[in-house]
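All remarks here apply to the structure that follows.
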Amino acid sequence: MKRKIRIKDISGIKIGQAQDPEGGTGCTVFIAEQGMAAGLDVRGGGPASRESELLKPLAAAQAIHAVVLAGGSAFGLGAADGVMQYLEEKGIGFDVGVTKVPLVCQSDLFDLTVGNPSARPDRNMGYEACLMAEEGNYRDGNYGAGCGATVGKFAGMEYCMKSGIGSYAMQIGDLQVGAVVAVNALGDIYDWRSGEKLAGLLAEDRHSFRLTEELMCADIRVVDNKFTGNTTIGIILTNADFQKPALCKIAGMAHDGYARSIRPVHTSADGDSIYAVSVAAADGTKVSADQDLVGTLAAEAMSEAITTAVKSARSAYGFPAWQEISAV
């Protein structure tokens with residue numbers, strides 16, 4: 001029987017968040033001190049990432065130690081430096097004799113048009129997020145990588161809405177599958193079950209909706225710069241025993257969750273990326289489970305996490321959130 005659990009119930013991984021609410025940016029860190037097998041699937045045309053080559057099946061590394069989701073676009077990739085500093089201080093990483101080199105992968109979203117464009121996740125913020133992981137301070141909403149997240153930006157920032165970071169997890173027997181996602185899409189966000197539009201492109205009154213796809217269809221001319229303000233980045237967590245090739249496939253199946261909930265999705269102006277990681281319990285054990293089942297659950301968890309991200313967000317920086325619009 002499938003039942004809902006908290007993302008924090010998935011053992012073997014620590015999640016920490018740090019943010020600059022005034023600046024409108026932040027980062028979320030996932031740490032596996034014993035290492036975790038990981039895969040990555042990138043479908044958007046404009047990703048900002050670090051060490052993504054490690055996650056290709058032909059790369060030698062079979063485990064990494066942390067994943068960072070952050071704002072700041074390419075500027076924010078420096079947050080991983082702080083994560084590496086923290087892990088090296090803890091003696092966590094790949095042993096090279098003179099020290100241990102932590103393997104840290106990162107993906108960033110574009111939030112420079114929110115808050116202060118000079119505020120970006122950096123080494124200090126990455127280190128702070130690691131300290132917060134010791135306490136397990138993860139929260140849905142305007143936190144971590146979701147601090148400056150917005151959606152529905154095809155007509156410019158004037159008509160977009162505030163979004164955030166969201167999570168969802170489930171369990172069948174001993175199998176656990178969960179998702180965390182920072183929703184910062186060019187497109188509109190829908191409830192994947194009912195089809196109801198939850199957030200996205202606002203009408204000129206800024207209290208009702210327009211459809212991004214309809215506005216796109218109104219003019220076939222090439223748009224050279226779609227405000228470069230997008231990218232939805234997420235991660236699938238599971239205690240099922242998989243290696244990189246299977247995890248890359250599971251990450252790919254999780255993109256079905258994006259497609260069910262975001263329209264349009266995977267555009268040239270988005271850097272849509274999903275990691276999938278396999279983590280062990282405290283005693284080192286993992287669960288044996290069917291790859292296609294886990295991929296199917298991953299897509300469901302991702303859609304639910306997207307809904308959570310939108311419904312948990314609060315209005316900020318002049319952008320209304322779902323809670324405000326739904327009350328009208």
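For the single chain, residues carry numbers from 1 onward in sequence order.
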message: Would you compute the distance between atom CG of Asp20 and atom CG of Asn124 and round it to the nearest 0.5 angstrom?
response: 12.0 Å

- request: Starting from the C-alpha separation in whole Å, work towards a yes-or-no answer on side chain to side chain contact (heavy atoms under 4.5 Å, CB included) for Asp188 and Val151.
  value: CA-CA 7 Å; Asp188 302 324; Val151 295; over 6 Å; no

- prompt: What's the verdict on side chain to side chain contact (heavy atoms under 4.5 Å, CB included) for Ile31 and His65, showing C-alpha distance, side-chain angles and the deciding distance?
  reply: CA-CA 6 Å; Ile31 297 174; His65 304 96; over 6 Å; no

message: Does atom CD (Gln62) have a neighbourhood of more than 12 heavy atoms from anything else shown, all under 6.0 Å?
response: yes

Flag, side chain of Asn184 to backbone of Leu109, donor-acceptor distance under 3.5 Å: no

field: Residue pair Ile274, Ile235: steps toward the side chain to side chain contact (heavy atoms under 4.5 Å, CB included) verdict
entry: CA-CA 5 Å; Ile274 298 178; Ile235 184 170; over 6 Å; no

message: Can you see whether Gln323 engages Arg314 through a side-chain donor-acceptor pair at a distance of less than 3.5 angstrom?
response: no

query: Is there a donor-acceptor contact under 3.5 Å linking the side chains of Lys311 and Thr308?
result: no

message: If hydrophobic clusters are built from ILVMFWY residues whose side chains come within less than 4.5 Å, do Leu55 and Val294 share one?
response: no

task: Consider only side-chain N and O atoms of Tyr127 and Glu89, and report whether a donor and an acceptor are under 3.5 Å apart.
output: yes

field: Residues Tyr159, Glu204; criterion side chain to side chain contact (heavy atoms under 4.5 Å, CB included); working and verdict
entry: CA-CA 7 Å; Tyr159 298 108; Glu204 293 186 0; 4.1 Å; yes

- prompt: Any donor and acceptor pair, going by atom type alone, linking the side chain of Ser194 with main-chain N or O of Glu196 inside 3.5 Å?
  reply: yes

message: Using only atom types and a distance under 3.5 Å, with no angle test, would you say the side chain of Asp270 pairs donor to acceptor with the backbone of Leu186?
response: yes

task: Answer yes if the side chains of Ser303 and Ser261 hold a donor-acceptor pair under 3.5 Å, and no otherwise.
output: yes

field: Side-chain (Lys244) to main-chain (Ala37) donor-acceptor, under 3.5 angstrom
entry: no

field: Spacing of Ile13 atom CD1 and Tyr138 atom OH [to the nearest 0.5 Å]
entry: 12.5 Å

- prompt: Is Met36 reachable from Val104 through a run of hydrophobic residues whose side-chain heavy atoms are each under 4.5 Å from the next?
  reply: no

field: Flag if over 12 foreign heavy atoms under 6.0 Å of NZ, Lys8
entry: yes

task: Using a strict 4.0 Å threshold on nitrogen-to-oxygen distance, state whether Glu300 and Lys2 make a salt bridge.
output: yes

query: Within the distance-only criterion (no hydrogens, no angle test), does the side chain of Asn137 pair as donor or acceptor with the backbone N or O of Gln17 below 3.5 angstrom?
result: yes

message: So that I can tick it off, tell me whether Asp95 and Lys100 are bridged by a salt bridge, with the cut-off set at under 4.0 angstrom between side-chain N and carboxylate O.
response: no

field: Reference residue Lys14; test salt bridge (Lys or Arg N to Asp or Glu O under 4.0 Å); the match among Glu134, Glu135, Glu33
entry: Glu33

- prompt: Got more than 12 heavy atoms from elsewhere within 6.0 Å of OH, Tyr317?
  reply: yes

message: When you measure from the side chain of Thr238 to the backbone of Gln176, do you find a donor-acceptor pair of N or O atoms at a distance under 3.5 Å?
response: yes

field: N-O pairing of Asp81 and Arg50 below 4.0 Å
entry: yes

- line: dist Gln171:CD -> Leu297:CG (nearest 0.5 Å) comes out at 11.5 Å

message: Surrounding CZ of Phe75 (heavy atoms of other residues, nucleotides or ligands, distance under 6.0 Å), is the total greater than 12?
response: no

- request: Check for a donor-acceptor pair, side chain of Asp108 on one end and backbone N or O of Leu77 on the other, with a separation under 3.5 Å.
  value: yes

message: Would the distance check show the side chain of Ser273 and the main-chain N or O of Gly271 forming a donor-acceptor pair, the cut-off being under 3.5 Å?
response: yes

field: Within 6.0 angstrom of Asp174 CG, more than 12 heavy atoms from elsewhere
entry: no

query: Atom OH of Tyr275 and atom OG of Ser107: how far apart are they, to the nearest 0.5 Å?
result: 2.5 Å

query: Could you state the interatomic distance from OG1 (Thr232) to CE (Met302), rounded to the nearest 0.5 Å?
result: 9.5 Å

message: Could you measure the distance from the CH2 atom of Trp322 to the OG atom of Ser163? Nearest 0.5 Å is fine.
response: 12.5 Å

query: Do Ile233 and Phe30 belong to the same hydrophobic cluster, where Ile, Leu, Val, Met, Phe, Trp and Tyr are linked whenever their side-chain heavy atoms lie under 4.5 Å apart, directly or via other members?
result: yes

Neighbour count >12 (heavy atoms, 6.0 Å) for atom NZ, Lys197: yes

Pairing of Arg43 and Asp41 as salt bridge, 4.0 angstrom limit: yes

message: If hydrophobic clusters are built from ILVMFWY residues whose side chains come within less than 4.5 Å, do Val83 and Leu237 share one?
response: no

- prompt: With the threshold set at 4.0 Å, does a side-chain nitrogen-carboxylate oxygen contact exist between Arg193 and Glu304?
  reply: yes

message: Membership question, hydrophobic clusters at under 4.5 Å side-chain separation (ILVMFWY): are Tyr258 and Trp192 in the same one?
response: no

task: Check the side chains of Thr25 and Gln19 for a donor-acceptor pair under 3.5 angstrom, ignoring hydrogens and angles.
output: no

query: Are any side-chain N or O atoms of Asp272 and backbone N or O atoms of His266, one a donor and one an acceptor, separated by less than 3.5 Å?
result: yes

